[in-house]
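Numbering of residues begins at 1 and proceeds along the displayed sequence. When a ligand or atom number is given, it counts from 1 through the structure's own listing order.
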Amino acid sequence: MWGSNCPTTPSSDPPGVVPLHRSSRRQFLRTAGLAAGALGVGFAGPASALGALDSAGTDRAALLAGEPLRMARVWLTRETAHLADGLDDTHRSFGDGSYEFLLWPGDLGRLVQTGLRFEITVDDVVARDRARTESSAVRTVGLQPGETETGEYRRLDDYNADMAALAADNPGLVKLIELPYKSLEERTVYGLEICTDVDRNDGRPVFYNDGVHHAREWPAGEVPIMWAHDLVESYRADEAGEADAAQKRIANLVRKVRNVIVPIVNVDGFHFSREFPVEAGTHQVGVSIPVLGGNSATAAGNGFGQYWRKNRRQLTDGGIAREQNAPDGLTAYGVDPNRNYSYQWGGSGSSNSETSGTYRGEAPFSEPESRNVQWIHQTYQCLTEITHHTSGDLVLWAWGDTAADAPDDVLLARLGIASTFYNGYQPTKSIDLYVTTGTCSDYTYGTWASISYTFEHAGDSFHPGYGTTVPAMYAKNREALTLLAEVVCLEPIDRGLLRDEVAANGGLRDALQGDFSRVIEGRQYEYSTSQVVDLDARYHCVLSGRMVDSDGNPVAGTVQMEKDFQNFLWFLGGGQNPIDTSHWPEAGLWSIDVEDDGTFRWYVNPSSRPAYFDDPTFNAEEQYQVSFRTGGGPSAGQSKVVASRDVVLRRGQTIDFGDIVVG
Ligand SMILES: [Zn+2]
């Protein structure tokens, strides 16, 4: 799940209501700031309505009494939405003004006090999930790639063993990568690269998938690891002449696209959640539960035990370090990794309260989880990507912080909608659920122009029974993943299989190219047949050329691309941003080797950030600095720059440098 302590903050509108449709980003920010000032309250902090009703004694009693984790449907209006601040929402809305929330021990009493209309829909979520797990032998689909033999969710060790085995068993096809930042509990975070001739450092387009920013969202790790297995199995099947239609499309991606996968971003949180004893439910009964600083159990991070959400950041209370690994699991308050990215960091839909489920951390990239994902983007030119979460069955795209259309709105929306042709999820611009800032998807799109999506899987639970959930979930998502890479990464000439697929499926064709008109979460989506995803167009940029000596013979060398800039934090330095700066330094440094014949072909993102097009504070298109080097890679420190160029690239543009003559 993406949000928590949402759907609203005191200064924003209720979910489903578009605050300022198609207004400029700048205007929206100004308006948001004025509204916050007028109300004189903080954003989703402890001063929210439910927080004001907190009673440490009641929470403690509720916890010690073993009050169960409940699920409720709560009816909200624009005027009353703020009363639900502090409740743990599940993303689910019912179209009649009601929304679904998890009720942690103590929440029910507070909900009653708000006077809001509600009904309890699940009396004991843990018991329900346990019952589902026990009855989850029922299958609705055939065996899927990478399914576990145990019929249970992978543990952290299983993920690491799986990745190591995939690399060891498939040399030249699968490469294990070690991300640079160890977790807070000193764990190494691993990922994979999968493509033919994987060790060659070439310029192939990159498709990135990650999972489990949020600890309790176990299916969100299964999708990317199963995708890794699927890439390998589909390629092997195709090589053997045994591939079916879907496998042929996936095998095509193995040849043309570098697939980068990080299944578990938040390794500490996932390990804590996954290993928490199921019989203990959401918490261990009978142990001492510290209620610090008057914070309620709910406020202590929206989730304990298997329902832990954030990372395992140890925070201090009045300068006294809290015990991070206390057996009750309540004392590591954690940071929400999916509110810790720099782009628009510090605003609505995230909290400056460390006890909030959406606590954003003390600064952008204060956490190793977001730093690792940042590193991926500073190192790989990811052209399109999905960050996987649960729950809600949603496909979400930019923006989360403003109702304005993104510059790539037609592509983002049509492709997002087309992906739901396969998985049946609800496609939605993310702000139409509620405001978010500092998220992964808005960072990767807003900062690097990568066509980015958040997928929310698994229906109405963060980790329902494996057997009834994971195989069917993967079966309906694999072609959605395939579609994204085919459209954004591939050359038009390589889309033959996709053309066949589109020709055979009217629903897919309509989503990509037809007259489209539909109301989703209160927003009218309307695209004409002149605003299409054109299978003859390219949705990335290409740099090409050849490095030669003065006699025209090929030269071994590298092509390097750099970009340094300042990312905007929330409110351009004022308002709710708690740190005293309006910008955050950002830099990318990418490098490829030329082929033996001196040529290169490099698939990259546009050089300007998307916000350039609708934000008047961007006053010039941004450039990449491209340099051509000989004498070894730049990291070896022995490279010699033989030529350099500054280039501006817009989406779809190609630049052929021709022969770069090395003197
Ligand atoms: Zn999530």
Side-chain angles (χ1 to χ4, degrees), residues 1-7 15 44 71 87-93 99-102 104 125 129 153 209-225 262-274 301-313 334-341 349-351 356-361 367 369-370 372-373 385-398 400 423 425-426 428 430-431 433-444 452-464 469-470 473 477:
M1 149 168 162
W2 216 28
S4 183
N5 271 1
C6 289
M71 200 171 270
L87 288 185
D88 192 1
D89 77 296
T90 71
H91 263 152
R92 198 164 172 211
S93 65
Y99 301 85
E100 188 173 75
F101 294 89
L102 284 172
W104 290 91
V125 173
D129 286 355
Y153 287 98
N209 279 266
D210 71 33
V212 189
H213 274 72
H214 292 143
R216 61 197 178 187
E217 301 173 2
W218 306 350
E222 296 289 340
V223 174
I225 195 72
V262 180
I264 307 288
V265 170
N266 176 5
V267 289
D268 294 346
F270 173 71
H271 182 70
F272 177 81
S273 166
R274 182 67 186 85
N302 284 158
F304 306 130
Q306 291 196 349
Y307 291 83
W308 186 262
R309 167 184 166 90
K310 299 187 284 185
N311 73 359
R312 298 291 292 169
R313 167 69 72 185
V335 173
D336 183 348
N338 204 31
R339 299 294 185 279
N340 190 239
Y341 291 87
S350 72
S351 175
S356 163
T358 53
Y359 175 50
R360 61 175 82 103
E367 306 308 301
E369 293 82 14
S370 54
N372 276 329
V373 176
E385 59 194 83
I386 306 169
T387 184
H388 297 272
H389 288 249
T390 66
S391 59
D393 287 355
L394 299 162
V395 170
L396 305 171
W397 60 86
N423 60 26
Y425 294 173
Q426 175 179 275
T428 306
S430 65
I431 195 170
L433 283 177
Y434 39 67
V435 176
T436 53
T437 52
T439 62
C440 181
S441 270
D442 271 10
Y443 166 75
T444 58
S452 305
Y453 296 90
T454 300
F455 277 24
E456 299 274 0
H457 301 286
D460 64 352
S461 176
F462 296 115
H463 49 259
T469 303
V470 174
M473 175 187 70
N477 273 287

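Between the side chains of Arg360 and Ser350, at least one donor N or O lies within less than 3.5 Å of an accepting N or O. Asn311 and Asn266 share no donor-acceptor pair across their side chains, judged by distance under 3.5 Å alone. The closest side-chain donor-acceptor pair between Asp336 and His214 falls under 3.5 angstrom.
Contact annotation: His213 places no N, O or S atom under 2.8 Å from the Zn ion (ligand 1). Using a cut-off of 2.8 Å, one finds that Glu217 contributes an N/O/S atom close to the Zn ion (ligand 1).
Residues passing the ring-ring contact (aromatic ring centres under 6.0 Å, His included) test with Tyr153, sequence neighbours excluded: Trp218, Tyr466.
Computed with the Zn ion (ligand 1) at the centre, the His214 ND1 to His389 ND1 angle is 100°, stated to 10 degrees.
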